[in-house]
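One structure below.
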Amino acid sequence: MANNRACLIEKEGGKAQGVTLERVRNIGVIAHIDAGKTTVTEIMLHHTGRTYKVGQVDDGTAVMDWMEQERERGITITAAATNCEWQGHQINIIDTPGHVDFTAEVERSLRVLDGGVVVFDALCGVEPQSETVWRQADKYRVPRICFVNKMDRVGADFLGTVKSIVDRLAANPVAIQLPVGAEAAFEGVIDIIGNKAWFFADDKEQESVEGPVPEKYKELTARLREQLVEKVADSDESLMSAYVEGREITVPELKAALRRATLSTRLVPVLCGSALRDKGVQFVLDAIVDYLPSPLDMPPVIGIDPKTEKETSREASDKAPFSALAFKVVSDPFIGRLVYLRVYSGRVRSGAQIYNSTREHKERLGRLVQMHANRREEIGEVGTGGIVAAVGLKNTFTGDTLSDPTRPVILEAIKFPQPVISVAIEPRTKADQDKLGESLTKLADEDPTFKTHYDEETGQTIISGMGELHLDIIVDRMMREYGVDAKVGRPQVAYKETITVPVRTEGRFIKQTGGRGQYGHVWLEIEPVERGKGFEFVNKIQGGVIPRQFISPVQQGVREALESGILAGYQVIDVRATLVDGSYHDVDSSDIAFKMAGAMAVREGLKEAKPILLEPIMKLEVSTPKEFLGDIMSDLNARRARVEAIELRAWTHIIRCYIPLAETFGYATDLRSVSQGRATYSMEFYCYQEVPKEMAKDIVMRIRS
């Protein structure tokens, strides 16, 4: 393979000079924690000449893990963007976190990317967070290639990992490589499409050597190639006719058909290697170029025209009206607020006036910078397909659409999960009080899954997030970056409330104060909906019983009333409120009166709707040697866990179960203790379920006392 180290120096419009749009790749590296995403990215940057030395995750020198907390803990916390060049193509890369607490970083990255490289551990195969990121990629229909990493690890099983992709992800993978050897004997890969082998040198700086397929692998290679041709032909009409006729299919024909099948997400090519030993990553770069889409391969982005409220589209062209999505906000200590943008159409120069279609106001685009982790390269303009950061957008937030002021459009926003865990935080001094408010505002601005509110009854500030690690990182950043000295309480579960029976309820707000009064009167039907549906508001007013201008205030009042339930003050979820009747006064009716009427109707209705308490349930996977299986199972049963399956993988047992979040605090310490530090676990949010009645009574009494 030819060495392709070409550093990007001159840039124009966010792309290397001479790079056309069909030669741009916007890709994300996604996987379960510890599968090797960041190492894969570091090797890519080295091979493309973007860095001269390979950074190491374990010793804290990885370029993409630039935060202090990332280097100390050896994990990726925030998605980092960079770019490089390979075979005349520009590749914009986002390296994403693997820990479930930072799943929002994966969500927003996949929303704006065109393709993905999914990394799997060759020993563990598909792991819990692998499933999560795969579902996220499915949601946005992101074409993917897979890289089975750590083929040199003891117990590595390439074909077993491919099978787990089928079994656990219901995907349609096709192996385009086969490892030569495994574990310590891993020495090369077989190119199934080209029917040749590449052998790795012991010295990382030496090139791979091409050779024939080893004799003992010829039969398996031929069988896998036949399976590959069958699957590609089955998903591609042009190849199907050649296959049926028995005509020899050429390598270019097969690769072109596989590219089409990959772009349509019908097939997923699978490669293998060892990133830490720099074996096989160059082939991943080749596959990115060969099989993942350019912005031109993606369908035109669909949005809503705010003037007509009708669907409209923007094609990927520099000549189309400008449109971009803000997908990330970062507070940079040197240049201030950075807003990351993905440009879907058109071009824009720094200093231009643009329109925030989501918030309906104009903004001045300050400087544009191309990011390389936390380093910046200033550029004058950016065109279609560009991923850049902008300075100067003071009122643009995650999920906002920026567009041409004369041709506005609102693109689909990014949806984030709700926080499941909370802690109370108190500043130690009056000076810390002021700094606390500022730091919380900036951190919430950056992270849509981090929420904060002030509890009037206790006088405490409550911060909420996706898990213990998430909040631990937030508090650590608060202390280091903003100098806030604060006391942090014990973690608390973010319970929710819902209703179990439908009710019809009335809200009447009438107030006379001598002058103009207030009059608002509504009838609502409140009913439970399927778990996970959230809040729905339906307007069934007919004949102008309530004027149109008062419908929105009613909805606002209903929504605000559901923020605090009647059992223990937790948010009420999975409820549909239907406005069915009411009345108004020509003079005294107002927005505030109908807002209050809506809120009053909800509060009255909740009392009759048999409310219940809900708790977050987590999906837990524990990996343990056999000798600790019994003790771990006993501990899980004591924690109200519901075990779904136990399977043997290599020499470890995998326990899959569902467990209430309230029972998981301190689990890491207990698991280490019971397994002598040899068992590991991963956990992610699954759903909300009803709290057992006796426990619910105790929780409500504790909250009310």
Side chains of [X] and [Y]: do they bring a donor and an acceptor to under 3.5 Å?
X	Y	answer
Q87	D286	yes
D138	Q136	no
N83	N92	no
T384	S345	no
H47	D278	yes
E315	S317	no

When rounded to the nearest 0.5 angstrom, what distance separates CZ in R141 from OG in S264?
->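 Answer for the CZ-OG pair, R141 versus S264, is 7.5 Å.
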When rounded to the nearest 0.5 angstrom, what distance separates CD1 in I93 from SG in C84?
->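 With rounding to 0.5 Å, CD1 (I93) is 4.0 Å from SG (C84).
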[X] atom [atom1], neighbour heavy-atom count above 12 within 6.0 Å:
X	atom1	answer
K139	NZ	yes
K255	NZ	no
R407	CZ	no

Inspect the contact between [Y] and [X] and indicate whether a charged nitrogen and a carboxylate oxygen are less than 4.0 angstrom apart.
X	Y	answer
E131	K619	yes
D114	R25	no
D290	R259	no
D445	R337	yes
K37	E105	no

Using 30° and 60° as the class limits, which term best fits the ring planes of H470 and F450: parallel, tilted or perpendicular?
-> perpendicular
Closest approach of A390 and L341, non-hydrogen atoms and distance?
-> CB-CD1, 4.1 Å
For V348, which of D404, L402, L365 qualifies under side-chain contact (heavy atoms from CB on, under 4.5 Å)?
->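 Single side-chain contact (heavy atoms from CB on, under 4.5 Å) partner of V348 among D404, L402, L365: L365.
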Test side chain to side chain donor-acceptor pair (under 3.5 Å) applied to T82 and H372, step by step | CA-CA 4 Å; T82 187; H372 177 49; 2.4 Å; yes
Please say which of T396, D400, T401 ends up in a side-chain hydrogen bond (donor to acceptor under 3.5 Å, both in side chains) with R359.
->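 Answer to the side-chain hydrogen bond (donor to acceptor under 3.5 Å, both in side chains) test with R359 among T396, D400, T401: D400.
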Residue that, paired with Y140, satisfies side-chain hydrogen bond (donor to acceptor under 3.5 Å, both in side chains) out of E107, R111, E412 | E107
